[in-house]
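Structure first, then comments.
From a predicted model like this one, the values you see are computed outputs, not experimental measurements. Sequence lines set the chain letters: A, B, ... in the order given, protein chains first and strands last, and positions in each chain run from 1.
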Number of protein chains: 2
Amino acid sequence: MSQQRVTYTPESLLRVAVELFNERGYDGASMGQLAEAAGITKSSIYHHVRGKEDMLRLALERATGVLFALLDEPDATTGRAIDRLRYVVWRATEVLIEELPYVTLLLRARGNTETERWALDRRRELDHRVADLVARAAAEGDLRADIEPRLAARLLFGLVNSVSEWYRPGRSGAGPRQVGEAVAAVAFDGLTA
Amino acid sequence: MSQQRVTYTPESLLRVAVELFNERGYDGASMGQLAEAAGITKSSIYHHVRGKEDMLRLALERATGVLFALLDEPDATTGRAIDRLRYVVWRATEVLIEELPYVTLLLRARGNTETERWALDRRRELDHRVADLVARAAAEGDLRADIEPRLAARLLFGLVNSVSEWYRPGRSGAGPRQVGEAVAAVAFDGLTA
DNA sequence: CACCATAGACCGAACGTTCGGTCGGGCGCT
DNA sequence: AGCGCCCGACCGAACGTTCGGTCTATGGTG
C-alpha cells in the first residue's frame, strides 16, 4: 500500500500548535519548533494560518466559547443558586477536561498580545458571572458564613482551573465525569471523612 | 534635600525582575523591559547579575527553599497525618503568600531552560512528599474514602497553588493567615453551610 | 489515453526586528 | 587614584514572516 502524503488542515495544525504552546508557553514556543513538531517547514505553516498570534486567537476563542456556553445551560440558569453552582463547578471541570489544551492555554494567557488581553477580559467577565452566583448562594444561606463569597468564588475556580495543571487524558486514572464529581464534592463538602 | 541616586543590589534588582517575569512570563519578558522597569540600562543589569537565567535560578531556588523548609517544621512532621496535613495546607498557603512573587514564578515554570527543569524536579519531589502525607491520612481513616488519595493530593495543592493566581497583597481583603485558614477550611470541610 | 493547465501543499532563502549579552568607557564618591 | 555603578554602541543569534519558487494531484480537452 502506497504511503500517502500527510497534509494539514488549519484545524489539525492548530491542534499541534496548541499542544506546543502549552508545553513551552506561547512566548517560549517558536514557529521553528512548531514546524518541527508538525513535520513541515515554517513557510508551510503560513499556507494554512495567518500567523502565530492568529493561531492563539483561534484557540482562545474556542476556549472562551465553550466556557460561556456552559453558563447558559438550563441547569446553570434555573433553580436554587447552590444547585446551579454545584452544576457549574462540576460541569466546568468536565468542559475543561474535554477541551483541555484550549482551556489550559486560556488559563495561562498573560496579556503580552492583543489577543491575550481580549481573552483576559473575557475571563474576567466569566469570573464575575460565577462570583454573582456564589453571592446568591451565600445570600440564600447555603454557603458557610465564615468565608466571604468573593473569596469562596476565587477558591472555587482556583480548584476547578487547577485541574488543567495535572489532568492528562488516559493517564490520570479517573475520567472527566469522575474528576468533575470529585472537584464538586471536595469544593462543597471537603476532604474530611 | 538632595535627590540621591538610587542604586540597586542584586537582591533588589531580582525583586524587580521577578515581578516582571510574573507579569509577562519568563520568556515573554525581555532584558530591555527589565531595564525599563528598573530605570537603568541593560548593560547596568549585568553589573549586578550574571544573566537572565541566573535571576530565574535565584528566584526558583528561593521558592523551593521555603516550601521544602515548611515540610520540615515540627507541626508538619509530628502528630496524626490529618493534623500534619491540615497544618501543611494552611502553612503552605501562608508561605506562598509571604513569598508570592517567587512561588508564583516557580508554579509557572515550564521547562524551557535547564533551571526550569531543575525546579520542576524539585516540585515533583515536593508533590511526592505531600502525596505520601495524604495517603497516610487516608490510611488512618481521616479522609473521605470515595476520593482516591492521589486525586485528593492533586486537588489539595491545586487549591493552595491557585491562590498565586489571584492573591494581591493589600488588595484581596484578607491577610495571609485568613486566606490560609480559609483554604484549609474549604479543603477539609467544603463550602456548604 | 495522453497532455496540459491549474490549484493546493509544500519549501529554501531572505528579510527586518528583537533577543541576551559584551565591550570600552564615563562619572561620582571616598 | 581607585572603585562602584552606570551607559551607549555594538554583536551574533534567533525570532516571525514574506518571497519566489517546486512538486504533485486533479480535472478538462482532444
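- Shown here are the ring-ring contact (aromatic ring centres under 6.0 Å, His included) partners of B/W90, two or more places apart in sequence or in another chain: B/Y87.
- One atom, CG of B/D27, and another, C1' of C/dT18, lie 14 Å apart when rounded to the nearest Å.
- Residues B/D83 and B/R80 meet the side-chain proximity criterion, which asks for heavy atoms closer than 4.5 Å.
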Can you give each donor-acceptor pair under 3.5 Å made by side-chain atoms of residues 95-109 of chain B, sequence neighbours left out, with the distance rounded to 0.1 Å?
residue, atom, partner, partner atom, Å
B/E99, OE1, B/R62, NE, 3.0
B/E99, OE1, B/R62, NH2, 3.0
B/T104, OG1, B/L100, O, 2.6
B/R108, NE, B/E165, OE2, 3.4
B/R108, NH1, B/N22, O, 2.7
B/R108, NH2, B/E165, OE1, 3.1
B/R108, NH2, B/E165, OE2, 3.4

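- Between the P atom of C/dA13 and the CE atom of A/M31 lies a distance of 19 Å, rounded to the nearest Å.
- In this structure, B/A35 reaches neither bases nor backbone, as no heavy-atom distance under 4.0 Å exists between it and the strands shown.
- A heavy-atom distance below 4.0 Å to DNA chain D is reached by none of the residues of residues 12-23 of chain B.
- Checked against side-chain contact (heavy atoms from CB on, under 4.5 Å), A/E114 has the following partners two or more places apart in sequence or in another chain: A/E53, A/R117.
- Between the side chain of B/D142 and the backbone N or O of B/I82 there is no donor-acceptor pair closer than 3.5 Å.
- The ring-ring contact (aromatic ring centres under 6.0 Å, His included) contacts involving residues 113-160 of chain B comprise nothing, where partners must be two or more places apart or lie in separate chains.
- Within the 4.0 angstrom heavy-atom criterion, base atoms lie near B/T41.
- Nearest nucleotide to the A/I40 side chain, out of D/dC6, D/dG8, C/dC10: C/dC10.
- Applying the side-chain contact (heavy atoms from CB on, under 4.5 Å) criterion to A/A35, with sequence neighbours excluded, gives A/K42, A/I45.
- Here A/F21 pairs with A/Y26 under the ring-ring contact (aromatic ring centres under 6.0 Å, His included) rule; sequence neighbours left out.
- Regarding A/R24, its CZ atom lies at a distance of 12 Å from the P atom of D/dG16, rounded to whole Å.
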Sequence neighbours excluded and cut-off under 3.5 Å, please list the side-chain donor-acceptor pairs for residues 173-181 of chain B, or say none.
residue, atom, partner, partner atom, Å
B/Q178, OE1, B/G175, N, 2.6

What are the atom names and distances for every N/O pair under 3.5 Å that joins the protein to nucleotides 25-27 of chain D?
none

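- Applying a 4.0 Å cut-off to non-hydrogen atoms, the residues of residues 42-61 of chain B that approach DNA chain D are B/S43, B/S44, B/H47, B/H48, listed by residue number.
- For A/R57, the side-chain contact (heavy atoms from CB on, under 4.5 Å) partners at least two apart in sequence or on another chain are A/R50, A/D54, A/E61, A/T115.
- When the side-chain contact (heavy atoms from CB on, under 4.5 Å) test is applied to B/D189, the partners found at least two apart in sequence or on another chain are A/R144, A/T192, B/R86.
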